[in-house]
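Shown next, in structure tokens, is the structure this report addresses.
A note on names: the letters A, B, ... follow the listed sequences, proteins ahead of strands, and every chain is numbered from 1.
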Amino acid sequence: MLDIAYIRANADLVKTGMQNKGEANTALVDRVLEVDEHWRTKVHEIDTLRSTSNARSKEIGKLMGQGRKEEAQAIMAETATSKEQINQLEEELAALAAERTDLLYRIPNVPHTSVPVGHTDEDNVIYATWGEPVQEQWRKPHWELAKTHQWIDFERGVKVSGAGFPFYLGSGARLQRALINFFLNTAAERGYTEIQAPYFVNEVSARGTGQIPDKEDMMYTVPRDGFFAIPTAEVPVTNFHRDEILELQSLPVKYCGYTPCWRREAGSYGKDVRGLNRLHQFDKVELVKFVHPDTSYDELESLREDAELLLQALELPYRTLLMCTGDMGFTQSKKYDLEVWSPGQQRWLEVSSCSNFEGFQARRMMVRYRDEHGKPQILHTLNGSGLALPRIVSALIETYQEESGRVRVPTVLKPYLGGAEYL
RNA sequence: GGAGAGAUGGCAGAGCGGUCGAAUGCGGCGGUCUUGAAAACCGUUGAGCCGAAAGGUUCCGGGGGUUCGAAUCCCUCUCUCUCCGCCA
């Protein structure tokens, strides 16, 4: 959520930001300011009442201590009315605070000034490209290769769990494990601390990173125990420091974590769900940073580079998109997507999304740092995939296939696959 | 899963229903002393909210209640620890 003080001072900026993100309901901003104004008046009122009531109680205590009972009793009589008033104000205040919070939760993050204004994915800016997309017609899509080699079993996945829950077998399984290790090792070399997170989180955590209320339908739930299956490691890892104050000199704090991710993906169909393109369960290594607000945009660039270097090391052609306002999520202020080229499908596949949330998540989660004056301040959070496995696997086997059908092992992965030349 | 104990500031640990946001110790920060450091001594040291400030207010695991007044009493939930059972 945004800082109410920021909204107060920059209402127009917030509204423009909303419109640019395709959220037309800017009345939310007016409403939250109205409620906030009302709330602050009431807070002042109740604080004043409490102040006198506290003073009376103290006086009563003092008199009782001195045995001056009648005088104490006289003051007690005065308290009755103010007590009623306080109770009533408390109720009003609670209602106002609830509405205020609810409204704040529904106002999206403001896009950074460097973000291009646009409505759809067509307005995204191609920020960079690397490598030459492979065009040969003989190249097969990954699902055919995977079937031929029995690396992935989609049918049995359907039998055992459902669509979108494939089995990986033999070299297919080993390739997954190799990629995870390669990603984690590389991240560790670049200063990220490896972290293994819980796969289920509670509701407070889901709210902290913004899955609730915006995207709760994307998550699988375990209602009996109040759990949400994580849609990304971002959720547990970012919540790792919820309600904490980090020391200035510890920043930036950087984590890399591998987890499976579960997403309901309701409403997906067609070529988008073919093969490994979109699954209900997939593996991902996630990079998460907690940084000083002054450095968060530099940190976003280095986060993007960390992810891009993995693709370069795998020698997979890709392009980097700077997402336009309309194609960004609710919680982000700036986002890059990395798309890898799939020669078998002749299309780009998103494999990473690197975002700066500024204080949007940190404010909800009360993750702060202590500034040079010792005062707690909201810090900035970022995260990016480094990387998501399934589409890397698709692009990789399609890119490294030979006309015979064999698939070479990328040089960087050889140490992870016993030095083998071919999968 | 069964039985018992507990949850207080960065940590440890006090706290007959009234002047307790909370003793004390450790740690942190500032200072005195010292060539420097250590030790010793002195001071300081939780967070949220309202407020330009002065100041006010809220918070002793969460929620509710009793009371003029709750860290302290009652109810409830959650979590932790010990013992038993089960178990990768």
Considering only the C1' atoms, how many Å lie between B:G30 and B:U82, rounded to the nearest integer? 44 Å
Provide, to the nearest angstrom, the distance between the CG atom belonging to A:Asp3 and the C1' atom belonging to B:G48. 13 Å
Atom-to-atom span, CD of A:Gln73 to P of B:G69 - whole angstrom: 14 Å
salt_bridge(A:Glu23, A:Lys21) N-O dist < 4.0 Å: no
Given side chains that start at C-beta, do those of A:Glu234 and A:Phe357 come closer than 4.5 Å, heavy atoms only? yes
For atom P, what is the distance between B:A23 and B:U8, given to the nearest Å? 16 Å
Work out how far the P atom of B:G46 is from that of B:U24, and round it to whole angstrom. 14 Å
Could you tell me which nucleotide pairs with B:G9 by Watson-Crick or G-U wobble geometry, both distances under 3.5 Å, or answer none if nothing does? none
So, for A:Tyr422 and A:His149, is the gap between ring centers shorter than 6.0 Å? no
What integer number of Å spans the C1' atoms of B:C77 and B:G25? 34 Å
Per the ring-ring contact (aromatic ring centres under 6.0 Å, His included) rule, which among A:Tyr297, A:Phe360, A:Tyr336 passes with A:His112? A:Tyr297
May I ask you to decide whether A:Lys335 forms a salt bridge with A:Asp327, counting only side-chain N to carboxylate O separations under 4.0 Å? no
Return the pairing partner of B:G51 with a 3.5 Å limit on both distances, Watson-Crick or G-U wobble; otherwise return none. none
For A:Glu398 and A:His142, indicate whether the former's side chain and the latter's backbone hold a donor-acceptor pair under 3.5 Å. yes
So A:Tyr220 and A:Phe165, would you call those rings parallel, tilted or perpendicular, with 30° and 60° as cut-offs? tilted
Rounded to whole angstrom, note down the C1' distance from B:A14 over to B:A7. 15 Å
A:Arg40 vs A:Lys375, nearer the 5' end of RNA chain B by closest nucleotide: A:Lys375
Charged tip of A:Arg177 within 45° of A:Tyr168 ring normal and under 6.0 Å: no
Is A:Ser57 touching bases, backbone alone, or none of the nucleic acid, heavy atoms closer than 4.0 Å? base
A:Leu93 has an atom CG; how far is it from atom P of B:C49, in whole Å? 14 Å
Could you tell me the separation between the CD1 atom of A:Ile245 and the P atom of B:C29, rounded to a whole number of Å? 17 Å
For the P atoms, the ones on B:C60 and on B:C73, what distance do you get once it is rounded to whole angstrom? 14 Å
Counting side-chain heavy atoms from CB outward, which of B:U19, B:C50, B:G69 is closest to A:Lys83? B:G69
My understanding is that a pair needs two contacts under 3.5 Å, Watson-Crick or G-U wobble. By that rule, which nucleotide pairs with B:C86? none
Might you point out which heavy atoms bring A:Leu300 and A:Asn356 nearest each other, and give the distance in Å? CD1-N, 3.8 Å
Can you list, by residue number, the residues of residues 361-371 of chain A that have a non-hydrogen atom closer than 4.0 angstrom to RNA chain B? A:Met366, A:Arg368, A:Arg370
Take atom CG of A:Leu104 and atom P of B:C49, then tell me their distance rounded to the nearest Å. 13 Å
Nearest-nucleotide wise, let me know which of A:Met76 and A:Pro376 is further upstream toward the 5' end of RNA chain B. A:Pro376
Test applied, salt bridge (charged side-chain N to carboxylate O under 4.0 Å, His left out); reference residue, A:Asp36; option that passes from A:Lys42, A:Arg100, A:Arg31: A:Arg100
Pairwise P distance, B:G27 and B:A38 [rounded to whole Å]: 12 Å
To the nearest angstrom, how far is A:Ile378 atom CD1 from B:A47 atom P? 13 Å
Looking only at atom C1', what distance separates B:G15 and B:G9, rounded to whole Å? 14 Å
Please work out whether the ring planes of A:Tyr416 and A:Phe182 are parallel, tilted or perpendicular, with thresholds of 30° and 60°. perpendicular
Nucleotide opposite B:G43 in a Watson-Crick or G-U pair, distances under 3.5 Å: B:C29
Could you give the CD-to-P distance, from A:Glu59 to B:G18, as a whole number of Å? 16 Å
So what's B:G4 paired with, Watson-Crick or G-U wobble, going by both distances under 3.5 Å? B:C81
Heavy atoms under 4.0 Å is the rule here; annotate nucleotides 54-65 of chain B 5' to 3' with B where the base is hit, S where only the sugar-phosphate is, and - elsewhere. --BSS-------
Could you state the CG-C1' distance from A:Leu248 to B:G28, rounded to the nearest angstrom? 15 Å
